Structure formats: C-alpha cells, structure tokens
There are 2 protein chains.
Amino acid sequence: MPLKLNENIPDIVIGRLPLYLRALTYLQQEGHEVTSSHELGQRLGISSAQIRKDLSHFGGFGKQGTGYQIPYLIHKLQDVLQVNRIWPVAVVGAGNLGSAIAHYRGFEERGFRVCWLFDADPRRIGQQVDSFIVQPISELQATLSGSNCQVGMIAVPADRAQEVADLLVGAGVRAILNYAPININVPPGVLVQYIDPVVHLQHMSFYLRASDE
Amino acid sequence: MPLKLNENIPDIVIGRLPLYLRALTYLQQEGHEVTSSHELGQRLGISSAQIRKDLSHFGGFGKQGTGYQIPYLIHKLQDVLQVNRIWPVAVVGAGNLGSAIAHYRGFEERGFRVCWLFDADPRRIGQQVDSFIVQPISELQATLSGSNCQVGMIAVPADRAQEVADLLVGAGVRAILNYAPININVPPGVLVQYIDPVVHLQHMSFYLRASDE
DNA sequence: TCCTGATTGTGCTATTTTCCACAGCTCTAC
DNA sequence: GTAGAGCTGTGGAAAATAGCACAATCAGGA
C-alpha cells in the first residue's frame, strides 16, 4: 500500500510519530517482533485509540487481531518522517553545548548527521571538537551553499541567535533547531523548533506547590 | 489582587507561561516598560486573544486601554510559576551533556541552580566540572535526602535513565527533566519532561518534502 | 469636559483534539 | 470447523482549545 499523505494531517499527530518510532526501536531491541496499540500506549502514556487513529492517517499498518509488526511499522514511520536517509546538519556554536552536540552519537541511527561546526570566536576557529574542525561563521554561507544542507542547529547565546538564523536561512537551511532561549523570526516555509530546558523546568515548578513548603 | 489559582487551569496554558515570561524579560531588557497582548503575541506567534485569555486565568494583570506593565507582569508570572525563588537542582550524568549543563549560566536568573553533579563512572568521580566535584551516584540518596532538592535532570545514556529516575524519586525529587531519549516511569505525583533533539528534528523532517530534491 | 483611539477581559462560537465503542478481521485451541 | 479471545480501523460523540467580537475602561488631547 502506498503512503497516504494527501489529506491534511494535523501537526500534533506528526509530532507524536517520533515518539512512536523511538519506543518501537526500544521494543525491537528488547526482542519483540509484534506490538499492539495498547502496549505502545502504555509505554508512552498515550491512549491506544489515539495511536491507532494517528497511524491510520498514513494507511493501515497493522493487522486486526494481531497488532503491528514492529520492523514493518518502524520502516513505515521512517518513510513518513523521511528519516530513511541521513540529513546533514550544520551546528553553529562550538561552546559547551555545541561541543556536546558534536560529540553526541545518537543522531546518525535516527536520520541525522552533524557535518559542520561553526563558531564566531577566533579562539575556537580551527580547533578540533570531536571529529570536526571549527569553521568561522563568516564562511558558513560559502561552505553550505553547495552542500544541500537543509537542517541547522543554533547553539549560540541568545543575543546572537537571530543573526545566526538569518545566516542559516540564507544558506538554504529550511529546518532549524534553536537551543538559544529566544524566539527567532524566519521567512515562511522555514521551520523552527525550540529547546529551552528552563521552559520545561518552569512548567514543572508551577506544580511544585501544595504539599510543599 | 491575590493570585487566583483555585479554578482548574489547563496544563497547556501553564506550558505557555514560561514563554511569556521569557519574552517579557527580553522586552524589558530592550527598554520597554509596557506591552500589549498584541505585541507579545506577534513576538511569539500566538494570537493576542490567547495571551489575554491565558493571563486572565490568574487575575487581571493588565489595564484596559494601556496594556501590561512589564515589570509587574514579570513579577506576577514569576509568582505563578514559583520562580520567585531558586530551586536547587541535581544533575545526574557528567558526560558531555552533563558538563554543558553544569557550565550553563542561564539557570539562575530564571529560578534554578545546579547544586550537585553525579556520575556512576569511577573515572569521572572526584573530577571538577565547572565549580562542581563529580559525586558518586551511589551517594545520591544520602547527599540529597537532607537537602530538600525537588528537581533533577537526567543526562545519562538511555539504558541508565530508568534506574537514575528511580534513585532521584527515592531521594525526594518531584520534577525530572530527562535528556535521555527514552520514556521513564515514575510514581504518580512526580513530574517528568523530556528533551530529545532528534524528536524535534524528525518532527521537522516530515515537512522537508516537496520542493525538495 | 468630551471625544478619539487603544487595549483588556470575557461570553460565546468555531475548530481541533481526544476518546468511546463496535464492526470486522485474525489467530489459536480444541 | 468452529468458538472465542484479541486487535485494528473508524464513525461519531465528547472534551478541550482557540478565536471572535464587543462592552468596558483608560489616557491624552482639543
């Protein structure tokens, strides 16, 4: 069955697919070959009905009475999310966070590979971080323009994030993961996602009242 | 006016408050003293009506015709989110990520302070990372139990995350920020938030189709 | 003092998201 | 074979979320 994608699929559904994919990978590593919406939902804290409905947007991946073949479902979700390939990623910022990202080994098996590491600080340029030589941000555009790099990560201080975003967009990047704790403006068609640990911490600290000092 | 909190406030509203607070801080730094739901919404890509409605859950913070006094609104949001104080945080995992967290200077002014850094690897224990001496995870419980530490961060490999979570919960932690790319189980009443960059990347790569190679 | 332009707070409506419940398919056991 | 247990896919109801639109209020200027 070909992948259904014509209908308009809610973004919130797309956002859950990576979680399903991640959980399925662990299930597979644990030796499971088949799973059910119920089992998956229990792991993820999501109702089984929601998982079935989410998956049904893309066609019938399961079999009634049996459940889902894990390798097959993984394969299909990788197709849907387009991670059945490796996206080259440019990282901007070679400080503590950028270095941690450069060292991280978990991207490749999930569809991404850090290929460039840029920084503006002359003291960092030329230094080796993991297997990368830190390149000057002034050459970002020239370096990336012939490369079909469509994914970038921003790991610079907040006051530099907007200019870095502009540079990345200028170099053809269409998806940006921004670790700087600030909102950035990008032209339509460019995607941005944010990671700010303090936002998560503050979300939780709201609930740390009552039964507490 | 006292803080309204009795009514049941949707979690999704709470989740946006840290974003409002963050944007307000930048507005203040830029020299603004007053803002409007419209201006704030424009910055955040959120409708002004939603911002007004979100804020109204906690009482009237603005003035008709004028807008919101930024310092006052910041103060009120800090109250609501309970970040008008500093929460001590325990970090588990002193690898590249844990070290980057330990070096990060952005927690304190937003309500959190890393106070402990634990690791299981004997080669790391005793080493200095930023201003911290890495402590053995075997002493996590003893170290934290008298400390009223209620917030923990997990920065260990996925296959260790569950046991670390159990340790933290055992030591009295009630809010966990998990950087390991795996779901963890915690008893009711304990909060967990997740940070997995690949989830965000895969969310975006879905949309990197069409108009693409 | 009164008019104008701006902005909030909110009742109500529209839209989105989640969930229920069941027909129908699948496999196993006997 | 056939009964029975288990599971998917899905229509439609329910719940949650977002947005509209406007009365009420405010500041400033004429």
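What you are looking at is a predicted structure, and each value in this text was computed from that prediction instead of being measured. Computation of the quantities below employed the complete heavy-atom set of this structure, encompassing side-chain atoms and omitting hydrogens, waters and symmetry-equivalent molecules.
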Quiz prompt | Donor-acceptor pair (no angle test) under 3.5 Å: B:K53 side chain, C:dG9 base | solution = no
Quiz item: Below 4.0 angstrom from OP1 or OP2 of C:dT8, is there any side-chain N or O of B:S37?
Solution: yes
Quiz item: Between C:dT18 atom P and B:D11 atom CG, what is the distance in whole Å?
Solution: 13 Å
Self-check item: Ion pair A:R85/A:E108, N-O distance below 4.0 Å
Solution: no
Exercise. Specify the separation, in whole Å, of atom CD1 of B:I9 and atom P of D:dT17.
Key: 13 Å
Self-check item: Donor + acceptor pair across side chains of B:Q162, B:D166 (<3.5 Å)
Solution: yes
Exercise. Take atom CG of A:D54 and atom C1' of C:dT16, then tell me their distance rounded to the nearest Å.
Key: 13 Å
Quiz item: In whole angstrom, what separates A:H57's NE2 from C:dT18's C1'?
Solution: 12 Å
Quiz item: What integer distance in Å separates B:Y20:OH from C:dT8:C1'?
Solution: 15 Å
Quiz item: Taking the nucleotide of DNA chain C with the closest heavy atom to each, which residue, A:K63 or A:I12, is nearer the 5' end?
Solution: A:I12
Quiz prompt | NZ or CZ of B:R22 within 45° of B:Y26 ring axis and under 6.0 Å | solution = no
Exercise. Can you tell me the distance, in whole Å, between the CG atom of A:N8 and the C1' atom of C:dT17?
Key: 15 Å
Quiz item: Using a distance-only test with no angle check, is there a side-chain donor-acceptor pair under 3.5 angstrom linking B:D11 and A:Y207?
Solution: yes
Quiz item: Of the candidate nucleotides C:dC27, C:dC19, D:dG19, which contains the atom at the shortest distance from the side chain of A:T66?
Solution: C:dC27
Quiz item: What does B:S48 touch in the nucleic acid at a heavy-atom separation under 4.0 angstrom: a base, only the sugar-phosphate, or nothing?
Solution: nothing
Quiz prompt | Rounded distance in Å - CD1 (A:I51) to P (C:dC20) | solution = 14 Å
Quiz item: Given C:dG24, C:dT8, C:dT18, which nucleotide is nearest the side-chain atoms of A:Q64?
Solution: C:dG24
Exercise. Could you pick out which residue, A:R52 or B:G67, lies toward the 5' side of DNA chain C when each is mapped onto its nearest nucleotide?
Key: B:G67
Quiz item: Which of the following nucleotides, C:dT10, D:dA18, D:dT8, is nearest to the side chain of A:Y68?
Solution: D:dT8
Quiz item: Phosphate oxygens OP1/OP2 of D:dA18: is one of them under 4.0 Å from a side-chain N or O of B:S47?
Solution: no
Exercise. Given side chain to side chain contact (heavy atoms under 4.5 Å, CB included), test B:L81 with B:L21 step by step and report yes or no.
Key: CA-CA 9 Å; B:L81 292 171; B:L21 181 53; 4.0 Å; yes
Exercise. Quickly work out the B:Q69 CD to D:dA27 P distance and round it to whole Å.
Key: 10 Å
